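All remarks here apply to the structure that follows.
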Amino acid sequence: MAKKSTAKRATTKSLTTISIAVTTICALFAAWLLGRGSKSSVDTSHSLPPLPQSNSSSSDLRCEDQSYKTELISLDPLVIYIRDFFSTQEINNIVQAGENRFNPSVVNQNGKMIQNPYRTSWSAALPAEEPAVQCVLERSRRFLGTVLDPNEDEMGVPQLVRYIEGQEYNLHHDWMRIPQAAFDGSPRSFNRVASFFVILQDTCKGGETWFPFIKAVSPQPKENEEGRLWREHEDGGLAFKPVAGNGIFWVNLFPNGTGDTRTVHAGLPVTGGLKTAMNIWPRQYRPDSQ
Ligand SMILES: *[C@@H]1O[C@H](CO)[C@@H](O)[C@H](O)[C@H]1NC(C)=O
Ligand SMILES: *[C@@H]1O[C@H](CO)[C@@H](O)[C@H](O)[C@H]1NC(C)=O
């Protein structure tokens with residue numbers, strides 16, 4: 001047994017043997033698109049919990065609809081680039097809420113959460129009671145349209161991740177090879193159906209998010225090098241520049257619940273400065289089959 005796990009450890013560089021739970025989550029593309037497209041502004045909040053409200057001065061957070069813009073990157077797997085997903089105020093509040101909670105990031109290896117040179121960043125679980133966290137989670141839930149079952153599924157525990165010079169997160173996927181048993185003891189398991197990866201602080205060099213197997217539905221925008229949000233990577237796929245407030249959304253699981261290996265991605269090394277991002281991993285539950 002010990003021998004087996006040592007051998008396993010020795011091959012962590014191999015993409016196929018590592019199962020990383022910390023960063024990854026697929027679903028019903030059509031349902032998602034239809035759900036989003038057909039909902040009227042009148043009934044979108046019908047089955048949703050009320051948004052936290054604040055009615056005082058402008059310095060207080062207001063949980064308002066943020067007028068974000070989406071750009072379709074890939075249909076299969078579904079990848080969407082979201083501009084201005086979080087407001088500056090939300091970013092400030094979220095970073096502040098996580099600031100004293102950073103710990104070395106861990107990866108899920110053979111079912112154990114361990115530190116590993118494969119992932120050298122810092123992570124912080126965010127307090128659910130922070131209003132800005134609630135606002136962005138609620139916005140993300142609405143973005144998902146009908147992907148989540150309101151009676152079964154949940155948005156999960158959001159996490160901050162920070163990279164400083166020299167830190168990176170090698171290729172991994174956010175979905176779990178073995179779905180996580182429900183924490184409430186019910187005979188269900190969940191997996192991360194989709195991922196939102198939103199940049200909060202971008203004062204860094206490097207630090208692109210690279211998806212080696214994603215092909216763009218349309219050519220990259222003809223902007224100058226500096227203004228470009230993503231590019232074709234020399235080793236294949238696409239690399240997204242970290243830009244505060246912007247996020248990448250993608251679907252991790254096929255409709256049958258199997259993880260989509262094409263969603264593998266890496267946080268390329270930060271070569272100076274600091275990058276902070278937020279992971280949102282919506283949980284889709286399924287009854288245990290065995
Ligand atoms: C919001 O406004 C109402 C009515 O003006 C007031 O009664 C309430 O105390 C206010 N709430 C907060 C949190 O300021
Ligand atoms: C689930 O669906 C995917 C995509 O259609 C397919 O490649 C995979 O083999 C399926 N997995 C199972 C266990 O049926």
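Atoms within a ligand are numbered from 1 in the order they appear, just like the ligands themselves. As the structure is a prediction and not an experimental result, all values here were calculated from the model. Quick note: residue numbers are just sequence positions, from 1.
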Describe, in one word, how the ring planes of Phe196 and Phe85 are oriented to each other, choosing from parallel (under 30°), tilted (30 to 60°) and perpendicular (over 60°). parallel

Among side-chain atoms of Gln89 and Asn93, is any donor-acceptor pair under 3.5 angstrom? yes

Which pairs of nitrogen or oxygen atoms, taken one from ligand 2 and one from the protein, are under 3.5 angstrom apart?
residue	atom	partner	partner atom	Å
ligand 2	2 (O)	Asn256	OD1	3.4
ligand 2	2 (O)	Asn256	ND2	2.4
ligand 2	11 (N)	Asn256	ND2	2.9
ligand 2	11 (N)	Thr258	OG1	3.2
ligand 2	14 (O)	Asn256	ND2	3.3

Looking at residues at least two apart in the chain, or sitting in another chain, which of them share a side-chain hydrogen bond (donor to acceptor under 3.5 Å, both in side chains) with Glu154? Arg283, Tyr285

Decide, yes or no, whether a salt bridge links Glu208 with Lys205 under the criterion of side-chain N to carboxylate O below 4.0 Å. no

Arg188/Glu152 salt bridge by N-O under 4.0 Å criterion: yes

Report the relative orientation of the aromatic rings in Phe240 and Trp230; use parallel for angles under 30°, tilted for 30 to 60°, perpendicular for over 60°. tilted

